[in-house]
Number of protein chains: 2
Amino acid sequence: MDLVNVMKALGDETRLRMLNLLNKKELCVCEIEELLDINQSNASRHLNKLSSAGLVEYRKSALYVYYKIKDEATAQFPFLVSFLHDETRKLTKCVLDEERLNQYIDSGITCDELKDGRLCFKDNKEEQ
Amino acid sequence: MDLVNVMKALGDETRLRMLNLLNKKELCVCEIEELLDINQSNASRHLNKLSSAGLVEYRKSALYVYYKIKDEATAQFPFLVSFLHDETRKLTKCVLDEERLNQYIDSGITCDELKDGRLCFKDNKEEQ
DNA sequence: TTACTATATTCGTTTATACTCATATATTAT
DNA sequence: ATAATATATGAGTATAAACGAATATAGTAA
């Protein structure tokens, strides 16, 4: 877990968006795919980068892999706390992502249902 | 000055070392070359990246160009304050760089004399 | 067993980054 | 004017990063 690699991991919009959501809630890969509107391959790869940098950890449960922010990361790099709380909300996409996440949580549906398109997001992210 | 570009600029060891020194003192390009032991082309290019990201600003004086950390950067991205103060000191190279800077300042020599090799640094950075 | 699904990984391609060497630019000194 | 110097930039190259599409892997369900 070295600083330069951590900063490289933070230097990508998709990974910032991932961390922003993971800062709110532990999520599985397919939830992240849907919420960020990215494909499975990219989701997995970017999560792997975050994991290699030591920023996130995961647990496997049945078919799913759940990612969350690693406590040791914020312990070792305290600036991450204010960074994740204050800076990501300045990014339009992060704000929209969070609205999607809240809508998903409030709906009470499962990640399988999310993937099946049961939720029509209120934003029109793909048209922006 | 957007967050992603700022983070990209921070994701490089040489630029972190530059910011670490500039956080202590305004410096001209040739001073940075000597203190970090990098060539002129790289020094200029990395400083240009930091400038493009909005992290540093410069003023020209005679032949020299003096770089410093931009107040607006720390104002817009407050995490930078604790980041620059706390995290860079965890990097061995940054600590050595700072020792070189202090030795340079204490010596009272000019940047021209520094470039002429008038100062023999106490560290053996190039052999590490 | 076979079929299905979530995730990871490989392959090939494209784009971005970092570097060295050489040259251009602009200021100072003579 | 010319020479010297600090800095920036161009050209070429090598390395790394990001991506889509396809395939591999591992767990689940039938």
Side-chain angles (χ1 to χ4, degrees), chain A residues 2 4-18 22 26-53 55-68 93 109-118, chain B residues 2 4-18 22 26-53 55-68 93 109-118:
Chain A
D2 107 276
V4 178
N5 284 322
V6 166
M7 299 313 289
K8 281 191 204 295
L10 295 178
D12 178 90
E13 186 187 65
T14 301
R15 291 192 291 270
L16 287 180
R17 292 171 69 197
M18 287 177 162
L22 295 175
E26 182 187 60
L27 293 168
C28 73
V29 181
C30 70
E31 289 170 327
I32 295 173
E33 289 173 48
E34 293 301 312
L35 295 170
L36 300 192
D37 204 20
I38 59 178
N39 67 35
Q40 188 272 320
S41 178
N42 273 328
S44 179
R45 259 194 283 256
H46 281 298
L47 287 166
N48 180 61
K49 275 228 163 185
L50 291 173
S51 178
S52 298
L55 288 168
V56 302
E57 62 187 356
Y58 58 88
R59 65 181 174 86
K60 302 186 183 192
S61 172
L63 274 178
Y64 308 98
V65 180
Y66 291 91
Y67 283 83
K68 58 175 287 198
K93 284 192 179 175
I109 66 175
T110 67
C111 68
D112 288 336
E113 293 167 333
L114 178 65
K115 201 158 189 181
D116 285 349
R118 296 290 185 81
Chain B
D2 106 277
V4 178
N5 284 322
V6 167
M7 299 313 290
K8 281 190 204 294
L10 295 178
D12 179 89
E13 186 187 64
T14 302
R15 291 192 291 269
L16 286 181
R17 292 170 69 196
M18 287 177 162
L22 295 174
E26 182 188 60
L27 293 167
C28 73
V29 181
C30 70
E31 289 170 326
I32 293 172
E33 288 174 48
E34 294 300 313
L35 295 170
L36 299 193
D37 204 21
I38 59 178
N39 68 35
Q40 188 272 319
S41 178
N42 276 328
S44 179
R45 261 184 247 271
H46 280 298
L47 286 166
N48 180 63
K49 275 229 162 186
L50 291 173
S51 178
S52 298
L55 288 168
V56 302
E57 62 188 357
Y58 58 87
R59 65 181 174 86
K60 303 186 183 192
S61 172
L63 273 178
Y64 308 99
V65 180
Y66 292 90
Y67 283 82
K68 59 174 288 198
K93 285 193 179 174
I109 66 176
T110 68
C111 69
D112 288 335
E113 293 166 334
L114 178 66
K115 200 157 190 181
D116 284 350
R118 297 289 185 81

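Lettering of chains follows the sequences in order, A, B, ..., and the numbering in each one begins at 1.
Residues B:Lys115 and B:Glu31 are not paired through a salt bridge, judged by the lack of any N-O separation under 4.0 Å between the basic side chain and the carboxylate.
If you measure from atom CG of B:Asn48 to atom P of C:dA24, you get 20 Å, rounded to the nearest angstrom. Here C:dT7 presents its P atom at 16 Å from CG of A:Leu50, a figure rounded to the nearest Å. Rounded to whole Å, atom C1' of C:dT27 lies 13 Å from atom CG of B:Asp112. The CG-C1' distance, from A:Leu63 to D:dA24, rounds to 15 Å in whole Å. One interatomic measurement links the two molecules: CG of A:Asp116 to P of C:dT5, which rounds to 9 Å at whole-angstrom precision. Atoms CD (A:Glu13) and P (C:dA16) sit 14 Å apart, rounded to a whole Å. If you measure from atom NZ of B:Lys8 to atom P of C:dA16, you get 10 Å, rounded to the nearest angstrom. Between the CD1 atom of A:Ile38 and the P atom of D:dA21 there is a distance of 15 Å, given to the nearest Å.
With distances taken from any side-chain atom of A:Thr14 to the nucleotides D:dG27, D:dC19, C:dT7, the minimum falls on D:dC19.
The side chain of B:Lys49 places an N or O atom within less than 4.0 Å of a non-bridging phosphate oxygen (OP1 or OP2) of C:dA18. Using a 4.0 Å cut-off, some side-chain N or O of B:Asn39 falls inside it from OP1 or OP2 of C:dT20. When the side-chain nitrogen and oxygen atoms of B:His46 are compared with OP1 and OP2 of C:dT17, none of them lie within a distance under 4.0 Å. At D:dA17, none of the side-chain N or O atoms of A:Arg45 fall inside 4.0 Å of OP1 or OP2 (strictly under the cut-off). Residue A:Asn42 has no polar side-chain atom (N or O) positioned under 4.0 Å from OP1 or OP2 of D:dA18.
The residue among A:Asp12 and A:Ser61 whose nearest nucleotide of DNA chain D lies closer to the 5′ end is A:Asp12. Nearest-nucleotide mapping onto DNA chain C: of A:Val65 and B:Ser41, the residue sitting toward the 5' end is A:Val65.
When heavy atoms are screened at a 4.0 angstrom cut-off, A:Tyr67 is found touching the sugar-phosphate backbone but no base atom. Among the heavy atoms of the strands, none lies under 4.0 Å from A:Lys60.
Proximity of a side-chain donor or acceptor of A:Ser61 to a complementary backbone N or O of A:Tyr64 within less than 3.5 Å is not detected. With hydrogens and angles ignored, the 3.5 Å screen pairs a side-chain donor or acceptor of B:Lys8 with a backbone N or O of A:Gly11.
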Just do the side-chain contact (heavy atoms from CB on, under 4.5 Å) check on B:Met18 and B:Ile38 with the steps written out, would you?
-> CA-CA 11 Å; B:Met18 287 177 162; B:Ile38 59 178; 3.8 Å; yes
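The base of D:dA8 is paired with the side chain of B:Gln40 by a donor and an acceptor separated by under 3.5 Å.
The side-chain heavy atoms of A:Leu10 and B:Val6, taken from C-beta on, include no pair separated by under 4.5 Å.
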